[in-house]
There are 2 protein chains.
Amino acid sequence: MAKFDEAVGPLDRYMQVLELVATFPGVLTLADVSSLLDLPKTSAHRLLKGLVRAGLAKDSVGGRAYQLGDRLLRLLHATADDGWIAALARAHLQELTDATSETCYLTRLIGARVVVAISISPDVRWRSYVQPGIEMPVHAAATAKAIIAYQSKAVLAEATSGDLPLLTANTRNDRKWIEQELATVRSRGHATCIGEIDEGLAAIAVPIFLSDRRVFYALGMTGPLQRIMNEQLPDRLTALRNVADVLGKSLSIGEKLKSKDVAAK
Amino acid sequence: MAKFDEAVGPLDRYMQVLELVATFPGVLTLADVSSLLDLPKTSAHRLLKGLVRAGLAKDSVGGRAYQLGDRLLRLLHATADDGWIAALARAHLQELTDATSETCYLTRLIGARVVVAISISPDVRWRSYVQPGIEMPVHAAATAKAIIAYQSKAVLAEATSGDLPLLTANTRNDRKWIEQELATVRSRGHATCIGEIDEGLAAIAVPIFLSDRRVFYALGMTGPLQRIMNEQLPDRLTALRNVADVLGKSLSIGEKLKSKDVAAK
DNA sequence: GACTTTCGTTCCGTTTTCCGGAACATTATT
DNA sequence: AATAATGTTCCGGAAAACGGAACGAAAGTC
């Protein structure tokens, strides 16, 4: 069994201190940390101040106690709320929803799963809800297809490794069909879901390309089958494509990098 | 303006990488991190693996992408849910509530504020709610008095530095009175709140002493004034005291340390 | 299926930082 | 006022982090 204060990596000692601070926020003194972790107080002091400098902890009660810092909390919110991405996309999604009276949403790739980041529902009676945070079935959802179609083989393999349930009579889960469906997505530039999740519901989706042509996000629109799969379809796809292009430019990691570089000079 | 990749502390580079991982969970490759942070790929590699070893990040899609690790999520939940403390105390609080049919709750000191950690309400019509997470007024709440009475002057000063609103006709906020009230708490071992927050509500509370006599937590019971301030009071205080002693032993940092030491040998 | 490119990993000498004992400064306690 | 405890700075020896170069392992290409 590993000794408690044996660090398993360069960060481990910091993390042990931070865990202590998290467990007893705002009440632990330097001496406590020192004795609990069996560290020389000099080292405990250095570690604590290191955490404070990095924004992971902060002084409390005039430097005689420590609590979790803002940076750590920001880190949590970054994943939970999708941070700046949500802020960027929300206005665009609202516009799309207002123009079409259908539910529009943004999904993102996390690992090999596709989850809903933001969703805006129209203010009409007959609408479908898309719950932020839920995972989209890779073999059925339009937004999932739109993203997975542009991923590496490794991601595709992992995404289709589990059970792929047949949700309706229209759902297909044979790997051969999926590959072909994804090829179709790539060739025509958008994905569809025609009653593959719910009998009467359809969805269309387009991938959002970053500047290096990679795809982490997709934009989707869903509603009753006959309201989606009709003569308005081409116009709506164009609208989605336009928004996706705008978002692609903003979301692009390349752009983000560039702004950082400019700021650095 | 500070250059982006200029580390302000030993942890800063790690944090920058971690923030990137948090923003694009499960999709960033080593090469991305390297180019975005303008690091040699060797360094990016070392930093990422360091994060993984420390449990702050973890491999995704077979080591070709990274996402937030379990340790970080545990850390963030530790403060939000009160972790093991909540698990420990909940059963005891339930017993107290069942026996008395009053709302019982555990509060904790965070910095110089006292907040509700867990609260159990009885299953009767006429009950008072205590919302977990809310802050207790230091000059009025029984649990707050029970904790603040045993803090250092620095904490007391910070706790009473802001506005202390007069919530009812019974509330007092002159510093002189507060000091005297806290002295009373210390001498008789429990705190009361007699209509100082809501006209008809009273509360009693006892501090939970850790093995080194410090106080971070308090146990409280609240209900309509006439149901609290009657001949049952002594028995209920005894019941609270007993539970507080049990929890004190379990919560004690000393105990926690000891168990770690045992595990280490 | 062989080739090319890209990505992730290991190696290792140099450099930088960390480590923690001792002394110092600063606040509570008697 | 004296004493004890806590937080902070100093600094030489020790131990890492650092990153260029070279090496394996995939993905994409023909």
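Order of the sequence lines fixes the chain letters, A, B, ..., with proteins taken first and strands second; residue numbering starts at 1 for each chain.
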OP1 or OP2 of [N] versus the side-chain N and O atoms of [X]: is any pair under 4.0 Å?
{"X": "A:His45", "N": "D:dG7", "result": "no"}
{"X": "B:Ser43", "N": "D:dC18", "result": "no"}
{"X": "A:Lys49", "N": "D:dT8", "result": "yes"}
{"X": "B:Thr29", "N": "C:dC7", "result": "no"}

Margin query: With nearest nucleotide decided by heavy atoms, which residue, A:Ala31 or B:Tyr14, maps closer to the 5′ end of DNA chain D?
Written below: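 On the 5' side of the pair lies A:Ala31.
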
Expressed as a whole number of angstroms, how long is the span from [X]:[atom1] to [N]:[atom2]?
{"X": "A:Leu11", "N": "D:dA16", "atom1": "CG", "atom2": "C1'", "value": "13 Å"}
{"X": "A:Leu30", "N": "C:dG20", "atom1": "CG", "atom2": "C1'", "value": "13 Å"}
{"X": "B:Leu39", "N": "D:dC18", "atom1": "CG", "atom2": "C1'", "value": "11 Å"}
{"X": "A:Asp12", "N": "C:dC19", "atom1": "CG", "atom2": "P", "value": "12 Å"}
{"X": "A:Gln151", "N": "D:dA27", "atom1": "CD", "atom2": "C1'", "value": "14 Å"}
{"X": "B:Leu48", "N": "D:dG19", "atom1": "CG", "atom2": "P", "value": "14 Å"}
{"X": "B:Tyr150", "N": "C:dA28", "atom1": "OH", "atom2": "P", "value": "21 Å"}
{"X": "B:Leu37", "N": "D:dC18", "atom1": "CG", "atom2": "P", "value": "13 Å"}

query = What does the inter-axis angle of the helix from C:dG8-D:dC23 to C:dT30-D:dA1 come out as, five pairs per end, nearest 10 degrees?
reply =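 The value is 50°.
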
query: Of the nucleotides C:dT9, D:dC18, D:dG28, which one has an atom closest to the side chain of B:Arg46?
result: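 For B:Arg46, the side-chain atoms sit closest to D:dC18.
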
Among the candidates C:dG8, D:dG19, C:dC19, find the nucleotide nearest to the side-chain atoms of B:Arg13.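 Nearest nucleotide to the side chain: D:dG19.
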
message = Using modelled atom types and a 3.5 Å cut-off, is there a donor and acceptor pairing between side-chain atoms of A:Arg175 and backbone atoms of A:Thr160?
response =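 Flag set: sc A:Arg175 to bb A:Thr160 pair under 3.5 Å.
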
Check: Is a side-chain donor or acceptor of A:Arg13 paired with a backbone partner of A:Ala44 at a separation under 3.5 angstrom?
Finding: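 Looks like no, no N/O pair under 3.5 Å.
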
Just to verify, what does A:Thr192 make a side chain to side chain donor-acceptor pair (under 3.5 Å) with, not counting sequence neighbours?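 Testing A:Thr192 for side chain to side chain donor-acceptor pair (under 3.5 Å), a comparison that skips the adjacent residues, returns A:Arg188.
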
Taking only residues two or more places apart in sequence or in another chain, which ones pass side chain to side chain donor-acceptor pair (under 3.5 Å) with A:Thr171?
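Residues passing side chain to side chain donor-acceptor pair (under 3.5 Å) with A:Thr171: A:Thr168.
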
Are any of the side-chain nitrogens in A:Arg113 or A:Glu158 under 4.0 Å away from the carboxylate oxygens of its partner?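 Looking at A:Glu158 together with A:Arg113, the answer is no, because their closest N to O distance does not fall below 4.0 Å.
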
Using a strict threshold of under 4.0 Å (side-chain N to carboxylate O), is an ion pair present between B:Lys249 and B:Asp245?
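Salt bridge flag = no for B:Lys249 with B:Asp245.
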
Could you write out each protein N or O paired with an N or O of nucleotides 21-26 of chain D at a distance under 3.5 Å?
| residue | atom | partner | partner atom | Å |
| --- | --- | --- | --- | --- |
| D:dA21 | N6 | B:Thr42 | OG1 | 3.4 |

Roughly how far apart are A:Ile147 CD1 and A:Ile208 CD1, rounded to 0.5 Å?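 Those atoms lie 8.0 Å apart.
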
TODO: Sequence neighbours left out, what pairs pass ring pair (Phe, Tyr, Trp, His ring centres under 6.0 Å) with at least one residue falling in residues 32-55 of chain B?
DONE: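 Every pair satisfying ring pair (Phe, Tyr, Trp, His ring centres under 6.0 Å) with a residue in residues 32-55 of chain B: there are none.
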
Residues forming a side-chain contact (heavy atoms from CB on, under 4.5 Å) with A:Ala205, sequence neighbours excluded
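A:Ala205: side-chain contact (heavy atoms from CB on, under 4.5 Å) contacts with A:Ala142, A:Thr143, A:Ala146.
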
> How are the rings of B:Phe24 and A:Phe216 set relative to one another: parallel (under 30°), tilted (30 to 60°) or perpendicular (over 60°)?
Replying inline: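 Plane angle between 30° and 60°, so tilted.
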
